Amino acid sequence: MVTGSLQTKNGTFYAVLSFYNEDKEKWDQKWKTTKIKDKKGNKKKAENKLKEIQKEFEKQLKTKKKVVEQEEKEQKNNHNKKEDREDTNKETAENQTIYEQRINANKNKTFVQYVLESIEDFKSDIEETTYDAWYAQYNGRVRNFFIPYHELDKIMNEDIKRNTYYETPLKISEITQFDIEDFFKWMYDCGLKSGTVEKHYVLFNLIFERAIRQKIITPETNPMNDVKKPVVKPYIANFYTAKELKQLSTIIKEDVLEIAILLASHYGLRRSEVLGIKWQAIDFDTNIIIIKHTVTKVKGTGENQIISCKNLAKTDSGYRTYPLAPTIREKLLEHRKNIEENRKFFGNTYVEQTKDYVCVKENGELIKPNHFTKRFKDIIKRNDIRKIRPHDLRHSVGSLLAIKNVNQKLIQDFMGHANISSSDRYMHLQFESKEFSSKIIEEELA
């Protein structure tokens with residue numbers, strides 16, 4: 001607020017302005033000339049001039065105040081920005097320090113330690129069987145090669161010379177192409193097949209890709225870049241003829257594996273699919289059997305069996321429905337009757353935990369996958385028949401279908417192959433169609 005009055009000085013009217021000086025923090029005065037002489041008749045004119053001067057001065061004060069306030073605001077903003085920058089820089093520096101600390105911590109991990117850590121990290125994204133296989137690789141050949149001798153309880157193939165004998169554990173950041181190649185060479189020297197070496201190659205690739213993501217190495221320094229992939233000879237599936245399958249079905253009568261082997265050799269089922277069949281998947285009224293549940297691993301005994309299993313979605317290629325063949329239907333009904341008799345015989349000791357499953361032992365326990373494989377080998381050996389693997393029963397079915405010139409697409413559907421290329425392995429067996437084609441060519445060229 002500005003107040004004003006007229007004063008005469010040296011014969012001239014002056015406007016005396018009173019205002020609060022914020023710079024000095026007190027009331028102050030300002031004299032401004034009106035340039036009007038103090039003569040008779042000029043006072044009214046001087047009063048009007050006073051009002052103009054007072055109004056202009058108030059305007060100047062307001063403008064000055066705004067400028068000052070803007071400057072103060074900018075100074076405050078600049079100060080805040082400076083503090084923010086300092087805080088940001090400090091936080092960035094702290095984060096950078098933590099970031100670098102984590103990278104360095106990973107770089108200092110031993111290769112063997114990092115392999116195990118990676119497998120555990122992959123666990124949630126892979127099948128349990130894959131995890132078990134990778135853990136076995138880590139706990140077997142990987143540890144035995146990359147851990148210094150003096151730290152090992154047992155040395156695999158001690159008589160096989162190694163290119164490298166580590167005195168101290170190698171860090172993940174220190175592993176080179178040559179370390180990996182020496183490891184693979186040692187495996188070959190130990191008599192392992194290229195398929196086994198390839199499995200380690202696949203695992204190592206995943207591990208070093210993880211190391212790249214964690215900034216331990218760069219894509220350019222990845223030791224796997226120049227490691228040659230093991231050449232794996234394509235597996236030529238072994239299979240039984242129809243005659244041999246009939247012979248096998250006679251041999252296994254009343255064996256604990258009878259129903260499992262019959263299902264595998266009739267529908268070409270995988271071991272996990274056979275052991276995963278439940279009674280609810282079999283409809284004796286409509287005569288169908290549905291493959292929709294698999295069992296990959298079983299631990300423990302009695303009522304405490306821990307079953308690693310999975311329900312298949314209808315969109316899965318493995319989910320499929322088969323007609324219940326009369327001979328299989330009869331065997332299943334007989335098997336169900338035997339289960340009831342076993343339940344009475346064993347009484348309270350009969351295992352009810354796995355009552356929903358078809359392939360069970362006499363005491364009700366679910367047949368374990370490794371027991372299936374071991375007992376199958378024993379049956380083959382004991383009866384002196386041609387040696388095949390349990391999985392070759394599946395190949396036997398695919399081969400029989402191909403020999404009978406079943407369409408490749410139908411074979412894919414029957415076998416539950418995800419890709420039709422998986423059915424290609426049986427196509428060379430379609431001799432009758434080739435024989436027919438050959439006769440046509442011969443007739444045309446005769």
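Throughout, residue positions are numbered sequentially from 1 according to the sequence presented. This structure is a prediction, so every number in the text was calculated from the model and none was measured.
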task: Please test Arg210 against Phe122 for side-chain contact (heavy atoms from CB on, under 4.5 Å), starting from the C-alpha separation and ending with a verdict.
output: CA-CA 10 Å; Arg210 179 173 182 259; Phe122 300 150; 4.0 Å; yes
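- Between Phe208 and Phe204, the ring planes are perpendicular. Angles over 60° get that label, and only those under 30° would be called parallel.
- A cation-pi arrangement is absent between Lys292 and Tyr319 under the rule of less than 6.0 angstrom and at most 45 degrees off the ring axis.
- Smallest separation of non-hydrogen atoms from Leu192 and Arg141: CD1-NE, 3.7 Å.
- We find the CD1-CH2 distance between Ile119 and Trp134 to be 8.0 Å, quoted to the nearest 0.5 Å.
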In sequence, state the C-alpha distance, the side-chain angles, and the governing distance for Gln177 and Asn225, and then conclude on side-chain contact (heavy atoms from CB on, under 4.5 Å). CA-CA 8 Å; Gln177 164 193 351; Asn225 286 343; over 6 Å; no
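- Dense packing is recorded around OH of Tyr188, with more than 12 heavy atoms of other residues, nucleotides or ligands lying under 6.0 Å away.
- Between Glu273 and Arg320 there is a salt bridge, since at least one side-chain N of the basic residue sits less than 4.0 Å from a carboxylate O of the acidic one.
- Listed for the Glu174 side chain is a donor-acceptor partner under 3.5 Å among the backbone atoms of Lys171.
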Inset, instruction - Might you work through the side chain to side chain donor-acceptor pair (under 3.5 Å) test for Asn104 and Lys107, ending with a clear yes or no? - result: CA-CA 5 Å; Asn104 290 330; Lys107 284 183 178 180; 4.7 Å; no
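- Sorted by first and then second residue, the ring-ring contact (aromatic ring centres under 6.0 Å, His included) pairs with a member in residues 333-378 read His293-Tyr357; sequence neighbours excluded.
- Side-chain atoms of Gln214 do not come within 3.5 Å of backbone N or O of Ala211 as any donor-acceptor pair.
- Surrounding NZ of Lys109 are more than 12 heavy atoms belonging to other residues, nucleotides or ligands, all under 6.0 Å away.
- When all heavy atoms are compared, the tightest approach of Ile212 to Pro219 is CD1-CA, 3.8 Å.
- Using modelled atom types, one side-chain atom of Asp179 and one backbone atom of Thr176 make a donor-acceptor pair closer than 3.5 Å.
- Between Asp182 and Arg162, none of the side-chain N atoms (NZ, or NE/NH1/NH2) sits under 4.0 Å from a carboxylate O, so this pair counts as no salt bridge.
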Check against side chain to side chain donor-acceptor pair (under 3.5 Å), Glu120 and Tyr131: CA-CA 8 Å; Glu120 294 298 331; Tyr131 170 80; 2.6 Å; yes
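- Atom CD of Glu341 is surrounded by more than 12 heavy atoms from other residues, nucleotides or ligands within 6.0 Å.
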Side-chain polar contacts of residues 262-269 - donor-acceptor pairs under 3.5 angstrom, sequence neighbours left out - could you list them?
residue: Ser265; atom: OG; partner: Ile261; partner atom: O; Å: 2.8
residue: Ser265; atom: OG; partner: Leu262; partner atom: O; Å: 3.3
residue: Tyr267; atom: OH; partner: Pro323; partner atom: O; Å: 2.8
residue: Tyr267; atom: OH; partner: Ala325; partner atom: N; Å: 3.2

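- Environment of CZ in Arg102: sparse, with no more than 12 heavy atoms of neighbouring residues, nucleotides or ligands closer than 6.0 Å.
- With a 6.0 Å radius and a threshold of 12 heavy atoms from other residues, nucleotides or ligands, Glu151 has its CD atom above the threshold.
- Separating the CD1 atom in Ile289 from the CD1 atom in Ile277 is a distance of 4.0 Å, to the nearest 0.5 Å.
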Residue pair Thr373, Asn370: steps toward the side chain to side chain donor-acceptor pair (under 3.5 Å) verdict = CA-CA 5 Å; Thr373 300; Asn370 56 352; over 6 Å; no
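- Under the 3.5 Å distance criterion, the side-chain polar atoms of Asp121 are left unmatched by any main-chain donor or acceptor of Ser118.
- Centroid-to-centroid, the aromatic rings of Tyr135 and Tyr138 come within less than 6.0 Å.
- Side-chain atoms of Asn363 and Thr349, non-hydrogen and from C-beta on, never get closer than 4.5 Å to each other.
- The minimum heavy-atom distance linking Trp279 with Leu332 is given by the pair CH2-O, 3.6 Å.
- More than 12 heavy atoms of other residues, nucleotides or ligands shown are found within 6.0 angstrom of CG on Asn311.
- Looking at Asp255, its side chain does come within 3.5 Å of a backbone N or O of Leu257 through a donor-acceptor pair.
- Around CG of Asn348, the count of heavy atoms belonging to other residues, nucleotides or ligands within 6.0 Å does not exceed 12.
- Between Lys310 and Glu127 there is a salt bridge, since at least one side-chain N of the basic residue sits less than 4.0 Å from a carboxylate O of the acidic one.
- Listed for the Gln280 side chain is no donor-acceptor partner under 3.5 Å among the backbone atoms of Asp356.
- Residues Arg394 and Met415 form a side-chain contact, since some pair of their non-hydrogen atoms from C-beta on lies under 4.5 Å apart.
- Atom CD1 of Ile207 is separated from atom CD1 of Ile216 by 11.0 Å, given to the nearest 0.5 angstrom.
- Within the model, atoms OG1 of Thr130 and NZ of Lys199 stand 10.5 Å from one another, a figure rounded to the nearest 0.5 Å.
- A side-chain donor-acceptor contact under 3.5 Å links Asp283 to the backbone of Asp285.
- Salt-bridge annotation for Lys185 and Asp189: present, with a side-chain N of the basic residue lying under 4.0 Å from a carboxylate O of the acidic one.
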Discussion item. Using the rule given for side-chain contact (heavy atoms from CB on, under 4.5 Å), can you reason through Ile290 versus Tyr322, listing the C-alpha separation, both sets of side-chain angles and the distance that settles it, and then say yes or no?
Written reply: CA-CA 6 Å; Ile290 304 174; Tyr322 293 111; over 6 Å; no
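- Side chain of Asn222 to main chain of Met224: a donor-acceptor pair is present (N/O by atom type, distance under 3.5 Å, no hydrogens or angles).
- Remark: side-chain polar atoms of Thr221 are paired, donor with acceptor, to backbone N or O of Thr218 under 3.5 angstrom.
- Atom OG1 in Thr164 sits 8.5 Å away from atom CG in Leu170 (nearest 0.5 Å).
- Without hydrogens or angle criteria, Gln353 side chain to Gln305 main chain gives a donor-acceptor distance under 3.5 Å.
- Nearest approach of Trp186 to Lys161, heavy atoms of both residues: CD1-O, 4.3 Å.
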What do the steps show when you test Lys193 against Glu198 for side-chain contact (heavy atoms from CB on, under 4.5 Å), and what is the final call? CA-CA 9 Å; Lys193 295 180 180 179; Glu198 185 199 29; over 6 Å; no
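- Here the shortest heavy-atom pairing between Val295 and Val298 reads CG1-CG2, 3.7 Å.
- At a threshold of 4.5 Å between non-hydrogen side-chain atoms, the residues Ile380 and Asn383 do not count as touching.
- His200 and Thr196 make their closest contact through ND1-O, 3.0 Å (heavy atoms, listed as atom of the first residue, atom of the second, distance).
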